[in-house]
Amino acid sequence: MVARGVLIDRSVVVGNRCKLQDGALLYRPAVLGDGVFVGPGAILTNDRHPRAVAPDGLQLGGDDWKPQPVRIGDGASIGAGATIVAGVTIGAWAMIGAGSIVTDDVPEFALVYGVPAVHHGWVGRSGRVLTEESGGRWRCPLTGERFVETDGHVHMAP
């Protein structure tokens, strides 16, 4: 679903069953997996060093820069008004809080928010915060799905 006022720049890849809310801006060459949610007013940028002119004052053209993609994994959610900086990868099922500015990669199932965004926990595929059971084991309070944490990442338990 693409809502009103969404900009999908050329060369942007949008997966199946995505929901792009009002005023979202997706600049090339962003890549969104399946089932991605992009909240109203969220921005996926493409230039870490934006300039209108060169050091000598001459105006820069379209060939004077190389866009960097934002990559968003399947099922991830980008909150309203969040900005994802060029070159960042958001892992599958991660959740980015509203108004956040994401400057670094985000692991799968991570919950991050703030300016700059920092890790505040883990979420399941339902979007609910996971409950720690013991020794790096986590559970979704809604679905009962179980997860294992290893080396700072959470994965669904086999």
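Keep in mind that this is a model prediction, so the values were computed, not measured. Sequence positions, counted from 1, serve as the residue numbers for this chain.
Cluster membership for Phe37 and Val2, using ILVMFWY side-chain heavy atoms within less than 4.5 angstrom, is not shared. Val102 and Leu32 fall within a single hydrophobic cluster, where Ile, Leu, Val, Met, Phe, Trp and Tyr side chains are chained together by heavy-atom contacts under 4.5 Å. Residues Ile72 and Met95 fall into different hydrophobic clusters, defined by Ile, Leu, Val, Met, Phe, Trp and Tyr side chains chained together at heavy-atom separations under 4.5 Å. Follow the hydrophobic side-chain contacts under 4.5 Å out from Val36 and you reach Val88 in the same cluster.
For the residue pair Ala86 and Asn46, the shortest heavy atom distance occurs at CB-C, 3.3 Å. Ala94 and Ile90 make their closest contact through CB-CG2, 3.8 Å (heavy atoms, listed as atom of the first residue, atom of the second, distance). Residues Ala82 and Gly97 come closest through the heavy atom pair CB-O, 4.0 Å. Minimum heavy-atom separation, Leu142 to Ser126: CD2-CB, 3.6 Å. The two atoms that bring Val123 and Ala110 nearest to each other are CG2-O, 4.2 Å, heavy atoms only. Taking every heavy atom of both residues into account, Gly87 and Asp105 meet most closely at O-OD1, 3.9 Å.
The neighbour count for Asp56 CG, taken as heavy atoms of other residues, nucleotides or ligands under 6.0 Å away, is above 12. For CZ of Arg48, the number of neighbouring non-hydrogen atoms (other residues, nucleotides, ligands) closer than 6.0 Å is greater than 12.
For the atom pair CZ (Arg139) and CG (Leu130), the distance works out to 10.0 Å, reported to the nearest 0.5 Å. From Met156, atom CE reaches atom CH2 of Trp138 across 15.5 Å, with rounding to the nearest 0.5 Å. Expressed to the nearest 0.5 Å, how far OG1 of Thr131 lies from CZ of Arg137 amounts to 15.5 Å. Between atom CZ of residue Arg128 and atom OG1 of residue Thr143 there is a gap of 9.5 Å, rounded to the nearest 0.5 Å.
Checking Val106, Ile43, Thr103, Ile96 one by one against Ile84, the side-chain contact (heavy atoms from CB on, under 4.5 Å) holds for a single residue, Ile96.
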Item checked: side chain to side chain contact (heavy atoms under 4.5 Å, CB included) between Leu60 and Trp65, worked out -> CA-CA 8 Å; Leu60 296 173; Trp65 64 289; over 6 Å; no

Should Phe109 and Arg125 be marked as a side chain to side chain contact (heavy atoms under 4.5 Å, CB included) after you check the CA-CA gap, both sets of side-chain angles, and the distance that decides it? CA-CA 8 Å; Phe109 300 105; Arg125 293 187 301 174; 3.9 Å; yes

Q | Stepwise side chain to side chain contact (heavy atoms under 4.5 Å, CB included) test for His155 and Glu108 | A | CA-CA 8 Å; His155 306 279; Glu108 292 183 351; 4.2 Å; yes

**Q.** Trp122 and Phe147: CA distance, side-chain angles, deciding distance, side chain to side chain contact (heavy atoms under 4.5 Å, CB included) verdict
**A.** CA-CA 10 Å; Trp122 303 106; Phe147 297 80; over 6 Å; no

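Of the possible polar contacts, none joining the Asp34 side chain to the Asp74 backbone as a donor-acceptor pair under 3.5 Å is found.
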Please tabulate, for side-chain N and O atoms in residues 5-31, each donor-acceptor pair with protein atoms closer than 3.5 Å (sequence neighbours left out).
unit_1 : atom_1 : unit_2 : atom_2 : d
Asp9   : OD2    : Arg28  : N      : 3.2
Asp22  : OD1    : Arg4   : N      : 3.0

